[in-house]
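Worksheet: one structure, shown below.
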2 protein chains.
Amino acid sequence: MSDATDLFFDAFANKNRFRILVELMNKEQCVGELQKSLNIEQTHLSHDLRCLLNCKFINVRKEGRKRIYSINKETKELVDEVTKHVKRYETYLNKCGILKEEDGRI
Amino acid sequence: MSDATDLFFDAFANKNRFRILVELMNKEQCVGELQKSLNIEQTHLSHDLRCLLNCKFINVRKEGRKRIYSINKETKELVDEVTKHVKRYETYLNKCGILKEEDGRI
DNA sequence: TTTATATATGATTAAATTTTCATATATCAA
DNA sequence: TTGATATATGAAAATTTAATCATATATAAA
């Protein structure tokens with residue numbers, strides 16, 4: 001696996017960062033708005049946004065003292081794919097023994 | 001974000017587990033074969049396989065004392081999507097300041 | 001030109017995840 | 001039925017990652 005794949009997962013596959021991406025699916029938002037809708041602490045949010053921005057999963061533009069973040073087109077498609085997959089496998093995921101201390105051996 | 005999405009990422013978004021999925025893209029393989037091609041320690045590999053299996057990202061069948069693992073169709077598509085995305089964003093990912101101690105502010 | 005608001009940064013602490021270790025089980029072959 | 005091979009399991013150690021804290025910067029408004 002390439003080094004880039006590692007970095008991709010570091011950025012994308014994180015509960016909070018993914019929530020940010022989903023939240024940006026509908027409309028672009030500034031940090032304050034994201035803070036409210038996601039209920040993530042401000043500095044934490046900024047760290048995550050910086051990460052997503054560095055990897056170009058999202059874009060930013062200034063407007064007064066606000067910074068408006070938007071998701072980019074390709075990332076959007078990927079988020080859709082993942083969402084679709086999760087829906088399809090929801091049942092299995094929810095009874096996954098590893099994470100839920102259950103036991104479903106073969 | 002749904003609980004299932006959390007579980008999805010726990011299973012899918014892991015360097016080694018993703019390497020396993022990629023390795024299974026071409027052909028089904030038993031644990032021993034995976035061990036050689038990926039150079040992951042046996043017990044570690046088994047843990048990861050169990051995780052992927054629980055979430056139905058892969059399938060297994062017995063053959064003698066071997067267990068042959070194969071990737072399922074939908075997971076395959078998802079792996080393809082991710083690979084495509086990584087290729088497209090490789091440049092940005094590789095210069096991501098968060099993980100590479102570099103600095104690329106706006 | 002001082003104060004308030006919006007956001008970012010670096011360093012530390014806290015928490016979660018991965019890796020390893022020691023061992024168990026299951027199947028085949030002798 | 002014993003020994004060897006293939007794979008799985010649970011618990012502990014090691015490492016990463018996320019969350020928090022204290023503070024900085026940048027812009028706007030007074």
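Per chain, numbering begins at 1; letters A, B, ... match sequence-line order. A quick note: this is a predicted structure, and the numbers were derived from the prediction, not measured.
- Scored by the side-chain hydrogen bond (donor to acceptor under 3.5 Å, both in side chains) test, A:D80 finds no partners at all (sequence neighbours excluded).
- In terms of modelled atom types and a separation under 3.5 Å, the side chain of B:Q29 and the main chain of B:E23 share a donor-acceptor contact.
- A:Q42 is linked by a side-chain hydrogen bond (donor to acceptor under 3.5 Å, both in side chains) to A:S46, counting only residues two or more places apart in sequence or in another chain.
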Report task. Do nucleotides 21-26 of chain D as a string where each nucleotide becomes B, S or -: B if the base has a protein heavy atom under 4.0 Å, S if just the sugar-phosphate does, - if no protein is that close. Result -> BB----
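- One atom, CZ of B:R50, and another, C1' of C:dT25, lie 14 Å apart when rounded to the nearest Å.
- Residues satisfying the ring pair (Phe, Tyr, Trp, His ring centres under 6.0 Å) criterion with B:F8, sequence neighbours excluded, are A:H85, B:F12, B:F57.
- Contact between the side-chain N/O atoms of B:N16 and the OP1/OP2 oxygens of C:dT18 is not found at any separation under 4.0 Å.
- Between the P atom of C:dA6 and the CG atom of A:L49 lies a distance of 16 Å, rounded to the nearest Å.
- Here C:dT7 presents its C1' atom at 16 Å from CG of A:L52, a figure rounded to the nearest Å.
- Rounded to 10 degrees, the angle separating the terminal axes of the helix from C:dT1-D:dA30 to C:dA30-D:dT1 is 20°, with each axis obtained from five end pairs.
- Shown here are the salt bridge (Lys or Arg N to Asp or Glu O under 4.0 Å) partners of A:E81, two or more places apart in sequence or in another chain: A:K84.
- Residues B:D6 and A:R19 are not paired through a salt bridge, judged by the lack of any N-O separation under 4.0 Å between the basic side chain and the carboxylate.
- Listed by chain and number, the residues in a salt bridge (Lys or Arg N to Asp or Glu O under 4.0 Å) with B:E41 amount to none (sequence neighbours excluded).
- A sub-4.0 Å separation between OP1 or OP2 of D:dT17 and a side-chain N or O of A:N14 is absent.
- The interatomic distance linking A:L7 (CG) with D:dT17 (C1') rounds to 14 Å, in whole Å.
- Atom CZ of B:R61 is separated from atom P of D:dA6 by 17 Å (rounded to the nearest Å).
- Applying the side-chain contact (heavy atoms from CB on, under 4.5 Å) rule to A:K66 yields the partners A:C30; only residues at least two apart in sequence or on another chain are considered.
- Phosphate contact (OP1/OP2 of C:dA6, side-chain N/O of A:Y69, threshold under 4.0 Å): absent.
- Evaluation of the salt bridge (Lys or Arg N to Asp or Glu O under 4.0 Å) rule for B:E28 yields B:R61 as partners, not counting sequence neighbours.
- Remark: C1' of C:dT7 and CG of A:L53 are 13 Å apart, rounded to the nearest angstrom.
- For the pair B:D10 CG and D:dT16 P, the computed distance is 18 Å after rounding to whole Å.
- By the side-chain hydrogen bond (donor to acceptor under 3.5 Å, both in side chains) test, A:T75 is found to be paired with A:N72, residues two or more places apart in sequence or in another chain being considered.
- Here the side chain of B:R50 pairs no donor or acceptor atom with the backbone of B:L45 at under 3.5 angstrom.
- Residues from residues 30-39 of chain A with heavy atoms under 4.0 angstrom of DNA chain C, sorted by number: A:C30, A:V31, A:G32.
- Taking atom CG of residue A:L45 and atom P of nucleotide D:dT20, one finds them 12 Å apart after rounding to whole Å.
- Here B:R65 pairs with nothing under the salt bridge (Lys or Arg N to Asp or Glu O under 4.0 Å) rule; sequence neighbours left out.
- Closest approach to the A:K66 side chain among D:dA19, C:dT7, C:dT18 is made by C:dT7 (side chain taken as heavy atoms from C-beta onward).
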